[in-house]
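Everything on this sheet refers to the single structure shown next.
When reading the values below, keep in mind they use all heavy atoms of this one structure, side chains included, and skip hydrogens, waters and symmetry mates. Both ligands and their constituent atoms are indexed starting at 1 by order of listing. Predicted, not measured: the structure shown is a model, and the values here were computed from it.
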Amino acid sequence: QRIIFSGIQPTGIPHLGNYLGALREWVRLQDSATEGSKLFFSVVDLHALTVPQESTRLRQWRKETFATLLAIGLDPSRSTIFYQSAVPAHAELMWILSTVASMGYLSRMTQWKSKLQLPEHTSLEHSSAKSKLRLGLFSYPVLQAADILVHRATHVPVGDDQKQHIEFTRYTANSFNHIYGPLFPAPQALIFSNPAPARRVMSLKDPVQKMSKSDVEQRSRILLTDSPEDIHKKIKLALTDSEPDISYDPIRRPGVSNLIEILSHIDSEKRSCDELAREFKSAGIKALKEHVAKTLSDYLRDIREKYSDIMVKDASYIDRIADIGAQEARANANITMQSVKSALGL
Ligand code: TYM
């Protein structure tokens, strides 16, 4: 039986990187799901607390993120969609997993370092790490492992940047199973990159960085709800280079290549990056940008329209769907917690 779990942090309206790296695949998996498989998609609001949040803004972002999941085509009658904080078993299993999770492994992981803007080789002994690092940010991957394992997920569709976290989940599941018996299946990451070879959608402002919700620069990312005007403006401002021709060369020409990759992801003829680069070779960057902006804006129209339909509905619309999702998720998680507790002697 295939059990799919994935999550997204409510740290702003989801962007194109979230969509092409993960969310679009969630919908595809839902739409191609066979009898007996289960799908769980969570707005992981407890994870968002690992960096400082303002409560009014977080409340808004949770709702916007949930609405986006509905707008992209997740269907509550086929997928369980819920807020992580509405299912206490996630945090409960996290505590239990933290009794087997390795500190050494966690200290080698990169996310806490990048969130604190420390270099990748920083150790826990580093004075700046010691003074700034909070326990929740350090143990973020343990909560993520709990999210996945509490639903006994077999497959986790994520972007490439989450690979390390899924590896950690497998390792921790294995450590637990080793001590208490085979309770957790080893989940497998599903990382999509087709048709582009690129695994991450990059920032429009600094194309050697991934497109990210936490970048202060709005123009670094395309939000799924951006108007056609916003999309045109942001693509027009996207950082490229001054070479006259168009070519696909992610190392030497990250900016142009990122635009080609985005185009390849959404191209109706599914052309590869090399094919697209050949086609636009002598058209010039202005024409390429115009084409990307137009294609993208058409491509995102449905999502944009559905999103605004959902946001004008009465305030309880999302809450009602979220309540049903939480009930289903709680029921599934509780089955796991019963066997975990019995294996532990609780
Ligand atoms: P988050 O909220 O940062 O991102 C949600 C999903 O979007 C993918 N993604 C990208 N893919 C391609 N290019 C990009 N520029 C890009 N930016 C983001 C991410 O890989 C992710 O799949 N830790 C997770 C949330 C989480 C989770 C989980 C995921 C919590 N528990 C359990 C899976 C299973 C995160 O911060 O995703």
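Under 4.0 angstrom from ligand 1, the non-hydrogen atoms of Asn18 come from both its backbone and its side chain. Residue-level proximity to ligand 1 for Ile148 is carried by the side chain, the only part with a heavy atom below 4.0 angstrom. Under 4.0 angstrom from ligand 1, there are no non-hydrogen atoms of Met202. In Ile8, the parts holding a heavy atom less than 4.0 Å from any atom of ligand 1 are both the side chain and the backbone. Under 4.0 Å from ligand 1, the heavy atoms of Val156 that appear belong solely to its side chain.
Closest to atom 22 (O) of ligand 1, if we only count protein heavy atoms, is Gly159 N, 3.0 Å. The closest protein non-hydrogen atom to atom 25 (C) of ligand 1 is Gly7 O, 3.6 Å. Atom 12 (C) of ligand 1 has its closest protein heavy atom at Gly17 O, 3.3 Å. In terms of protein heavy-atom proximity, atom 27 (C) of ligand 1 is closest to Gln144 NE2, 3.4 Å. Here the heavy atom of the protein found nearest to atom 20 (O) of ligand 1 is Asp161 OD1, 2.4 Å. Closest to atom 15 (N) of ligand 1 among all protein heavy atoms lies Val201 O, 2.8 Å. Atom 31 (N) of ligand 1 has its closest protein heavy atom at Asp147 OD2, 2.7 Å.
Rounded to the nearest 0.5 angstrom, Lys210 NZ and Asp161 CG are separated by 3.5 Å.
Taking every non-hydrogen atom of His47 and a distance limit under 4.0 Å, the qualifying atoms of ligand 1 come out as 30 (C), 31 (N). Below 4.0 Å from some heavy atom of Phe5 lie the following atoms of ligand 1, by number and element: 32 (C), 34 (C). Close approach of ligand 1 to Ala22 (heavy-atom distance below 4.0 Å) involves ligand atoms 6 (C), 7 (O), 22 (O). The Gly21 neighbourhood of ligand 1 comprises atoms 11 (N), 12 (C), with distances under 4.0 Å to a heavy atom of that residue. Distances below 4.0 Å separate heavy atoms of Lys213 from the following atoms of ligand 1: 1 (P), 2 (O).
Remark: Lys313 qualifies as a cation-pi partner of Tyr317 under the 6.0 Å distance and 45° angle criteria applied to the six-membered ring. A cation-pi geometry, defined here as NZ or CZ lying under 6.0 Å from the six-membered ring centre and within 45° of its normal, holds between Arg62 and Tyr83.
Between Ser6 and ligand 1, not a single N/O pair is under 3.5 Å apart. Considering backbone and side-chain atoms together, Val158 places no N or O closer than 3.5 Å to any N or O of ligand 1. Considering backbone and side-chain N/O of Pro157, none are found under 3.5 Å from N/O of ligand 1. The shortest N/O to N/O separation between Gln9 and ligand 1 falls below 3.5 Å. Among the atoms of Gln162, some N or O lies under 3.5 angstrom from an N or O of ligand 1.
Salt-bridge annotation for Glu92 and Lys341: present, with a side-chain N of the basic residue lying under 4.0 Å from a carboxylate O of the acidic one. Checked for salt-bridge contact, Arg28 and Glu25 meet the test: a charged N lies under 4.0 Å from a carboxylate O. The pair Arg271-Asp267 meets the salt-bridge criterion, since a charged nitrogen lies less than 4.0 angstrom from a carboxylate oxygen. A salt bridge links Arg78 and Asp75; the closest N-O separation between the charged side-chain nitrogens and carboxylate oxygens is under 4.0 Å. At a threshold of 4.0 Å, the pair Arg252-Glu243 counts as salt-bridged, since one of the basic side-chain nitrogens sits closer than that to a carboxylate oxygen. A salt bridge links Asp160 with Lys163: at least one charged nitrogen is closer than 4.0 Å to a carboxylate oxygen.
Residue contact annotation: Tyr140 has a non-hydrogen atom under 4.0 Å from ligand 1. Residue contacts with ligand 1 include His15, since one of its heavy atoms falls under 4.0 Å from the ligand.
Ring geometry for Phe184 against Phe176 counts as tilted: the plane angle lies between 30° and 60°, on a 0 to 90° scale. Note on ring orientation: taking the six-membered ring where Trp is involved, the planes of Phe82 and Phe40 are perpendicular (angle over 60°, cut-offs 30° and 60°).
Heavy-atom neighbours of Tyr171 OH from other residues, nucleotides or ligands within 6.0 Å: at or below the threshold of 12. More than 12 heavy atoms of other residues, nucleotides or ligands sit less than 6.0 Å from atom NZ of Lys289.
Side-chain atoms of Leu224 and Leu23, non-hydrogen and from C-beta on, do get closer than 4.5 Å to each other.
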